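Just below is one structure, and these are the notes that go with it.
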Amino acid sequence: MIAENLQKIKQEIRESCALVSRSPEEVKLVAVTKSVGSEEAAELVDLGVYDLAENRVDKLLEKKAALGDNANIKWHLIGNLQRRKVKNIINEIDYFHALENEKLAAEINKRAEKVVKCFIEINISGEESKYGIKAENLVEFVALLANYEKIEVVGLMTMAPLESSEIEVREIFSKLKKLQEKIEQQEIPYAPCHELSMGMSQDFQIAIESGTTFVRIGTALFRKD
Ligand SMILES: *Cc1c(COP(=O)(O)O)cnc(C)c1O
């Protein structure tokens, strides 16, 4: 089932890319394995999917231990990270998708043994309940990251609220794209900001049309219908 789902998703990625004349090579499929066990994660690796994501620290460490040493695998932490857990995880991952406040940046800087590739999470919709910094605070936030030499801002990340209409999702994703370009144009050495992490099972096609370079897909890989 996973193999078939994967083929279908890859086909959909190609089709979305074709719609906007992008190369499928520009879009990295990050498999979100939070709803499955290590066997399914291992199956994905066998199928050539080497970017694996978890939203919880303990779950990521568990899967990493189960999958063993495999230099091909890139581990992505996509969920909100509590400061007290930074020391357990920060040297175990390749990408962190949810940088969203200075205290977290300071803790990462203190604990990381090498530079960590981070996405800044943006709360585009401005919903109070959501994680992420507000768009209007981004430039200031990027500027203060100059103090933390272990942090590299590779891009921006967002999630569209579940209940959004297609039009709203497009609006959110195109706003994130504009913000990414704005930071990229500043040519800040520690914030190249070439990447975008947006799009999940239900909206990755829209994200690709909107210019994303990383899609984070879980449910669609593991569904059994
Ligand atoms: C769970 C999760 C995903 C994947 O969502 P699906 O709808 O299962 O594809 C992507 N990003 C984050 C941050 C998540 O927590």
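Worth saying up front: this structure is predicted, and the values here are computed from it rather than measured. Order of listing sets the numbers, starting from 1, for every ligand and every atom in it.
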- Query: For atom 2 (C) of ligand 1, what is the nearest protein heavy atom, given as residue, atom name and distance?
  - Reply: Lys34 NZ, 2.6 Å

- Query: Between Met159 and ligand 1, which part of the residue brings a heavy atom under 4.0 Å of the ligand: side chain, backbone, both or neither?
  - Reply: side chain

- Message: Need the ligand 1 atom indices (1-based, order shown) with element for anything under 4.0 Å from a heavy-atom of Ile217.
- Response: 9 (O)

- Do me a favour and list the nearest non-hydrogen protein atom to atom 10 (C) of ligand 1 with residue, atom name and distance? Met200 SD, 3.3 Å

- Message: Tell me the protein heavy atom at minimum distance from atom 9 (O) of ligand 1, and give that distance in Å.
- Response: Ser201 OG, 2.5 Å

- Flag for Thr213-Glu26: side-chain donor and acceptor within less than 3.5 Å: no

- Donor-acceptor pair between Glu181 and Gln185 side chains, under 3.5 angstrom: no

- Message: Heavy-atom distances under 4.0 Å decide this one: backbone, side chain, both or neither, for Gln202 against ligand 1?
- Response: neither

- So is Ile78 polar-close to ligand 1, meaning N/O to N/O under 3.5 Å? no

- So does Glu209 pair up with Arg170, basic N to acidic O under 4.0 Å? yes

- If we ignore angles and hydrogens, is there a donor and acceptor under 3.5 Å between the side chains of Thr33 and Glu54? yes

- Message: If only side-chain N and O atoms count, and only distance matters, is there a donor-acceptor pair under 3.5 Å linking His76 with Asp94?
- Response: no

- Is it true that Lys103 and Glu107 make a salt bridge, defined as a side-chain N closer than 4.0 Å to a carboxylate O? no

- Item | Val139 vs Ile183, side-chain contact (heavy atoms from CB on, under 4.5 Å): CA-CA, chis, key distance, verdict | CA-CA 7 Å; Val139 169; Ile183 303 300; 4.2 Å; yes

- Who's the nearest protein heavy-atom neighbour of atom 11 (N) of ligand 1, and how far? Arg216 NE, 2.9 Å

- atom 7 (O) of ligand 1: which protein heavy atom is closest, and how many Å away? Thr219 OG1, 3.5 Å

